[in-house]
There are 2 protein chains.
Amino acid sequence: MPADVSLATVAAQAGVSVSTVSRIVNGETRRASPATVQRVRDAIEAVGYRPNPAGRALRRGETQLVAVLAANLDNPAMATIASSTEAALREAGYVMILCDTHDRPELQDEYLAAMRVQRVGGLVMIAAVASPGLAEMAGAGVPMVFVTRRNPVGPGLFVGIDDRAAGAAVADRFVAAGCRRPAVVFPRRGSSASRDRVAGFVDRLAALGVASEAVLRGEGDGLSHLQVGYDGSAALFERADRPDAVLCVSDQIAYGLARRAREAGIGIPDPCCVVSIDGTPLNQWVAPWLASVRIPYPVYGAEIVAGLEAIRRGEAPAERLLPFAFG
Amino acid sequence: MPADVSLATVAAQAGVSVSTVSRIVNGETRRASPATVQRVRDAIEAVGYRPNPAGRALRRGETQLVAVLAANLDNPAMATIASSTEAALREAGYVMILCDTHDRPELQDEYLAAMRVQRVGGLVMIAAVASPGLAEMAGAGVPMVFVTRRNPVGPGLFVGIDDRAAGAAVADRFVAAGCRRPAVVFPRRGSSASRDRVAGFVDRLAALGVASEAVLRGEGDGLSHLQVGYDGSAALFERADRPDAVLCVSDQIAYGLARRAREAGIGIPDPCCVVSIDGTPLNQWVAPWLASVRIPYPVYGAEIVAGLEAIRRGEAPAERLLPFAFG
DNA sequence: CTGAAAGCGCTTACAG
DNA sequence: CTGAAAGCGCTTACAG
């Protein structure tokens, strides 16, 4: 229905000027008489008017578009964040542009530049990677929020969990369960999130009397956490003194580890229990043997949008740490 | 870098009019002298000019935006399609807007209307549902392609596989393997894809001597195929004459069935072998017991964009059926 | 081969 | 309380 109805159409229908209609469309109602407001609203309704975003964007120098740059949409956790962000943005009147950077700095920069040209009203970086353009962008005045991973090249609003605390919680559980040989599997070229989870785990174990050197570490390379888990756990399972409890810093790493365990004939959770940090719903279906720290990804969207709007209002960007829990 | 550089900036720099610059930017080079073309190109380079999409959209009445409406981004197959579509669109100079309809007609219509207002240059419907607005949209002249599910309310360009043939291929395999009690699990309120897979399976079995009545059917409700598999397989496993071979019309249904089998203490693939249609990479990691017909989702993106551009060129929309294979 | 001008739809000082 | 006018950046007949 809206296609050729412009402000002018409404103005003609209501018998007022386009200026007046524009003001009312934008909520500037107190400067108009109640009768006019009503007449204009009726006219809008009657002709089915919806503002043309191009006209508005041209004038304002900014669109209702918000770009989400995600490192890897094939990762279910990121797909869930993207999905919840989409819903929250829509709710708030924005439209989501989605870009998959494949964790590659050049591609991230290419997108960043393209989104600048598009005059997006905000930028959501899910697992951002360090890149020249990222630093530049921060200075451009576009509201930006960093999800899951902190801004690798500067300050910035962060939405995520307390990663150190999550790692520590797993350490507590292992010790409480009487595990004797804890291990952790993580990506070698890790993000702030991975690193913090590992550090929180190791530090808490140390505080509880397990020396850092006694904690086995399995590192894997590559973008795919499935592969990281598979590769990173290989050495652990070949040892004579195998671990009896392994922390995987993501669900996908746990899936990769499970495949390795299967091939090595090692049972999970007995004799080796596995805990991951993510807690994606899929676990219950395909990995019932897996215990997890559950991250509330479905609520990330709302937090991200709230953060974006806080920046837009000029508030000082404060971290938004969400609660996690075993489950 | 581009932010306040407009056609006028370039024109001043090159010492020509904006008309001339505009033409050259748009590839209209043969009407200009080679010297001018060169001068303008240098100027563009020098000032880092990139056309402002808002100005262009306002003038042309159409943007470089293409909207992808997906029924459920939490479904890995759809996430993979979305991801490959994003890459192909970017390659072709478009920008992807992503919307999650949650398989709900009202939400789909809301998005359709919003995308119309945005003046998107194309619409990609991944698993579209029937809705009033969908029929309307077809008449609006926006290029549209239907992925996975055919247009439920009319004609339209389809990108997918030959679903009947995929079902039939599974029937062939079951018969060749000497299975005696085949079954199929599918969503009760299914799409064209589900229905065709089931029909292809049943018809081929009939042709091979297994009467349609002898094929056990498990149906499940709801949007989640995980749940569909869990619910739909319950009755199958309670029977005295349990199936020895089950076709699940999607990977997720197979995951759901597996959970049920686990709880019922039934082994897979022995005594009951399971085949699904999807063949997502995750299978190898979390469901090594699962055989699949593999659908080449990573190439969907390129096909979708090719289809969009064919429509745009005014070609008659022909189906684009992609090859599938066991693996 | 090139440029001046109109107009896409919107917002916003400014004048009244 | 309301409107005329300018201008955001672009494209495209039209004139030369």
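Here is how names work: the chains are called A, B, and so on, in the same order as the sequence lines, proteins then strands, and each is numbered from 1. These numbers come from a predicted model, not from an experiment.
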Testing C:dG9, C:dA6, C:dC10 for proximity to the side chain of A:P51, the answer is C:dC10

Quick one: label B:A54 by what it contacts on the DNA or RNA (base, sugar-phosphate, nothing), any heavy atom closer than 4.0 Å.
nothing

Quickly work out the A:R119 CZ to C:dC10 P distance and round it to whole Å.
19 Å

Starting at atom CD1 of B:I24, determine the distance to atom P of D:dT12, rounded to an integer number of angstrom.
15 Å

Please identify each residue that fulfils side-chain hydrogen bond (donor to acceptor under 3.5 Å, both in side chains) with A:E28, with sequence neighbours left out.
A:R31

Which whole-number value in Å describes the distance from B:L58 CG to D:dG9 C1'?
9 Å

For D:dG9, take OP1 and OP2 only and decide whether either is under 4.0 Å from a side-chain N or O of B:R56.
no

With both pairing distances under 3.5 angstrom for Watson-Crick or G-U wobble, and | for a partner in another strand, the correct string for DNA chain D is |||.||||||||.|||

Listed partners of B:Y297 passing ring pair (Phe, Tyr, Trp, His ring centres under 6.0 Å), at least two apart
B:Y300

Electrostatic pair A:R104:A:E110 at N-O distance under 4.0 angstrom
no

Could you pull out all residues at least two apart from B:A193 that satisfy side-chain contact (heavy atoms from CB on, under 4.5 Å)?
B:D163, B:S191, B:R197

Between P on C:dT11 and CD on A:Q64, what's the gap in Å once rounded to a whole number?
10 Å

Identify whether the distance between the nearest side-chain nitrogen and carboxylate oxygen of B:R150 and B:E319 falls below 4.0 Å.
yes

Which of residues 15-23 of chain B sit near DNA chain D, with a heavy atom under 4.0 Å from it?
B:S19, B:S22, B:R23

Taken to the nearest whole Å, CZ/B:R59 to C1'/D:dT12 is 5 Å

Ignoring backbone atoms, test whether A:T36 places a side-chain nitrogen or oxygen under 4.0 Å from the OP1 or OP2 oxygen of D:dC1.
no

Residues forming a side-chain hydrogen bond (donor to acceptor under 3.5 Å, both in side chains) with A:D109, sequence neighbours excluded:
A:S131

May I ask you to verify if any side-chain N or O of B:N26 is less than 4.0 angstrom from the OP1 or OP2 atom of D:dT11?
yes

Expressed in angstrom and rounded to an integer, what is the separation of A:Q38 atom CD from D:dC1 atom C1'?
17 Å

Side-chain ion pair, A:R320 and A:E303, N-O less than 4.0 Å
yes

Output the rounded distance in Å from CD1 (B:I44) to C1' (D:dG9).
14 Å

Has the side chain of B:T36 got a donor or acceptor atom that lies under 3.5 Å from a matching backbone atom of B:A32?
no

Nearest-angstrom distance from the residue atom CD of B:E62 to P of D:dC10:
18 Å

Donor-acceptor pair, A:T101 side chain versus A:Q108 backbone, under 3.5 Å?
no

